[in-house]
Amino acid sequence: MSKPVRVRFAPSPTGPLHIGGVRTALYNYLFARKMGGKMLLRIEDTDQNRFVPGAEEYIIEALRWAGIEIDEGQGVDSGDGDAAFRPGPHAPYRQSERRDIYQKEAQRLVDEGKAYYAFDTAEELDAMRQRLEVANAPAAQYNAITRMQMRNSLTLRADEVKARIQAGEPYVIRLKTPRKEEVRVNDLIRGWVNVHSSAIDDKVLLKSDGLPTYHLANIVDDHLMEITHVIRGEEWLPSAPLHVLLYRYLGWEDTMPQFAHLPLLLKPEGNGKLSKRDADLGGFPIFPLQWTDPATGVVARGFREDGYLPEATINFLALLGWNPGTEQELFTMDELIASFDLAQVHKAGARFDIQKAQWFNHQYIRLRPDAELAPAVQQRAEAAGFDCPSEKAEKIVALLKGRVNFAHEIFTEADTIFNAPTTYDETIAAAKWNDDAVRAVTAFRDALGGFEGEFLADTIRQVLSDAMTQVGIKQGKIMQAIRLALTGSGAGPDLMLTMEIIGKDETVRRLQNALNTLKVPA
RNA sequence: GGCCGAUUCGUCUAGCGGUUAGGACAUCGCCCUUUCACGGCGGUAACACGGGUUCGAUUCCCGUAUCGGUCACCA
């Protein structure tokens, strides 16, 4: 029996969560649920300089919107406002609140000779890198060779090191990376990846401000929080060997989690990974939720605010880099969980195609019950000053939801229902408004005037059909003219239903109005 | 540049030695329809290149090319 699966999503609160981050969270979530495990949210806020207020709340809200549930850590609350509530057995889940833990482990590495103090200033480091570059060294890094030329506890006398620290001189703790060693990482998606330790430099583990870097904090927390699988973006693959080394040096290699590095999301066109700039250029969102930059006040659009349904967004993201091997395209979250498999995650990066996202949205909009879409339409209509009871809103939804990609487009498309035409499409008028059209519209108007029953699409169709038979005009020839008279346009949703919705009186009024306004071309 | 990773239609992908190389988005055409859509049906369109291995390579191996990532006291 193996350990219960525990995964974590560990973003940095440096701004709004990128849509790629949502996908990473999603894959973690799908895997956890599939395996009957737990999903943690940990906040990696060890860089005080990049901390952005509101970012953590944003991340939590975005995950909640997407339907990605957190079992433990930040974002889990007591539900009853209990101030002493701890979101899990390994609290705190904010790294800035765990500094003592990291310092202790870093110190342990120093004591065991696996790490060392370094006093070099930024200028000295620059000088070293420049020197190496000029000397054409393969890589300008702080490593097994260059460390002996720098100011650190390996080159300075022990009493001097002690004196410097006691004098309060700033220092960092660096990993003493082995000179020659093959480090192997097993990736669940890519298989074995081998890296020579000479390619790994003496990474800073503990910064001079006393906070850990990502590498240390990540390993320490993943170990303490009993993480079994690390599922993260491909940008971490190059540092995975370093992480393996750290597990080893900390004595935790036997319980080291398994790794899975996810392919990146790429620009829709051109080179590189998907960026905010691409979103601006392409006119699509790249963040799950709208985000207002607290420093500049600049607003970035969000999938939610743009009208994407969470289930459509999730469905779209899930298929960007993963595929169950079947021809199914539409998945509920439960279906995704049931079919998800890390082994089927693609290895190469995926271009971000917003058209596909729109198609998914279209699918989910048309699947939504009319009654769920109606209130929004009703609200918008009433806000715009139109009378729109819920039965009418529902009919409008039924008429239009299959034609749109976004719910808000239903209201926009319904413009011809709420507003009688003030102008008429000239091309259609020139082509279709002729003597027959006038006779037909007149006859239809009169027939409607004498009509007494319930004003429904089917009966309207019958009235029209009868009237056309009477005047001896083929219905197909004048439909465009009637549409023109009613909506001012040559295109739109089903006409009979449109008339049913606007009602008999308004229909007659519009027909009359067209008769008064439109002239038959000479 | 060093290191690591990747490479099937324009895009997302299926394929895991023998297939008419399948699906979806986009695109084009037809049908349906009173119009425009939706929908249905169909078309165009891909194994980066060169060597091996093999009776046989999209599939395995090695090169080349291209793309991506990474080389901070950022994550």
Side-chain angles (χ1 to χ4, degrees), chain A residues 10-14 44-47 49-50 95 118 120-122 125 129 133 136-142 170-174 185 187 189-190 193-196 198-201 203-215 217-218 232-241 261 263-264 266 268-269 271-273 316 319-330 344 346-360 362 366 400-404 413 428 432 461 464-465 468 474-484 487 489-496:
Chain A
S12 234
T14 54
E44 309 222 327
D45 56 348
T46 55
D47 185 355
N49 302 321
R50 294 209 304 158
Q95 291 186 328
D120 315 280
T121 63
L125 289 171
R129 291 189 183 113
E133 211 160 307
N136 246 319
Q141 53 180 25
Y142 207 120
Y171 66 90
V172 300
I173 291 179
R174 282 182 183 273
V185 182
D187 185 282
I189 296 170
R190 289 150 213 282
V193 178
N194 304 324
V195 178
H196 194 83
S198 62
I200 305 171
D201 57 354
K203 279 277 177 307
V204 170
L205 265 20
L206 200 71
K207 299 182 278 188
S208 55
D209 63 5
L211 281 166
T213 56
Y214 169 86
H215 306 293
N218 197 259
R232 78 234 290 197
E234 192 188 351
E235 70 268 27
W236 291 110
L237 192 54
S239 48
H261 290 93
L264 264 20
L266 271 23
E269 48 203 40
N271 301 153
K273 59 177 174 180
F316 165 64
L319 260 21
L320 223 45
W322 168 82
N323 186 293
T326 66
E327 283 177 4
Q328 184 176 355
E329 296 277 337
L330 264 25
Q344 292 186 105
H346 211 70
K347 295 184 182 72
R351 276 191 197 277
F352 190 81
D353 178 16
I354 199 66
Q355 285 199 36
K356 194 112 180 194
Q358 289 171 356
W359 178 78
F360 276 111
H362 170 74
R366 53 192 291 252
L400 295 168
K401 72 171 180 181
R403 300 168 60 90
V404 301
E413 284 265 313
I428 302 289
K432 304 287 183 182
R461 193 187 316 277
L464 175 64
S465 168
M468 291 310 102
K474 271 193 73 180
Q475 196 176 321
K477 300 197 70 169
I478 46 78
M479 281 309 295
Q480 280 279 83
I482 292 179
R483 174 180 293 282
L484 181 73
T487 69
S489 136
D494 185 89
L495 248 199
M496 303 305 158

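The basis for the numbers below is simple: all heavy atoms, side chains too, and nothing from hydrogens, waters or symmetry mates. Naming convention: chains lettered A, B, ... in sequence-line order (proteins, then strands); numbering from 1 in each chain.
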### Query
Between B:U13 atom P and A:Leu320 atom CG, what is the distance in whole Å?
6 Å
### Query
Backbone N or O of A:Arg232 within a donor-acceptor pair of the A:His261 side chain at under 3.5 Å?
no
### Query
Please give, in whole Å, the distance from B:U13 P to A:Ile189 CD1?
12 Å
### Query
Reckon A:Lys347 touches a base, only the sugar-phosphate, or nothing at all at heavy-atom distances under 4.0 Å?
sugar-phosphate
### Task
Sticking with atom P, work out how far B:G42 lies from B:U59, rounded to a whole angstrom.
30 Å
### Atom-to-atom span, CZ of A:Phe352 to P of B:U13 - whole angstrom
13 Å
### Summary
A:Asn323 atom CG is separated from B:C12 atom P, nearest whole Å, by 13 Å
### Task
Tell me the partner of B:U11, counting only Watson-Crick (N1-N3 plus N6-O4 or O6-N4) or G-U wobble (N1-O2 and O6-N3) with both under 3.5 Å; none if nothing fits.
B:A24
List, with names and distances, any nitrogen or oxygen atoms from the protein found under 3.5 Å away from nitrogen or oxygen atoms belonging to nucleotides 59-65 of chain B.
none

### Task
Could you work out the separation of B:G69 and B:G22 based on their P atoms and round it to a whole Å?
32 Å
### Message
Run the side-chain contact (heavy atoms from CB on, under 4.5 Å) test against A:Arg174 and tell me which residues pass, sequence neighbours left out.
### Response
A:Tyr116, A:Ala118, A:Leu125, A:Tyr142, A:Val172, A:Asp202, A:Val204
#### Entry: Span that lies between the C1' atom of B:C67 and that of B:G52, in whole angstrom
25 Å
### Message
Between B:G18 and B:U66, how far apart are the two P atoms, rounded to whole Å?
### Response
32 Å
### Footprint string (nucleotides 32-48 of chain B, 5' to 3'): B base within contact, S backbone only, - free, heavy atoms under 4.0 Å
--BBBBSS---------
### Query
For A:Gln355, which residues count as a side-chain contact (heavy atoms from CB on, under 4.5 Å) partner, sequence neighbours excluded?
A:Asp353
### Message
Suppose you measure atom P in B:A26 against the same atom in B:C38; what distance do you get, rounded to whole Å?
### Response
9 Å
## Note on the structure
With B for base contact, S for sugar-phosphate-only contact and - for none (protein heavy atoms under 4.0 Å), nucleotides 68-75 of chain B reads SBS--BBB
### Task
Determine the interatomic distance between P on B:U13 and the same-named atom on B:C71; round to the nearest Å.
25 Å
#### Entry: Sequence-distant partners of A:Glu269, side-chain contact (heavy atoms from CB on, under 4.5 Å), two or more places apart
none
### Query
So which nucleotide does B:U19 pair with, by the Watson-Crick or G-U wobble rule with both distances under 3.5 Å?
none
### Task
Determine the Euclidean distance between corresponding P atoms of B:G68 and B:U11; express it in Å to zero decimal places.
14 Å
### Counter-base of B:C47, judged by Watson-Crick or G-U geometry with both distances under 3.5 Å
none
### Query
If the C1' atom of B:C31 is compared with that of B:G5, how far apart are they to the nearest Å?
48 Å
#### Entry: Mate of B:U58 where both pairing distances stay under 3.5 Å, Watson-Crick or G-U
none
### Message
In this structure, how many angstroms lie between the P atom of B:U13 and the CD atom of A:Glu327, rounded?
### Response
16 Å
#### Entry: Base-pairing assignment for B:G68 (Watson-Crick or G-U wobble, both under 3.5 Å)
B:C4
### Task
Determine which nucleotide pairs with B:C38, using a 3.5 Å limit on both distances of a Watson-Crick or G-U wobble pair.
none
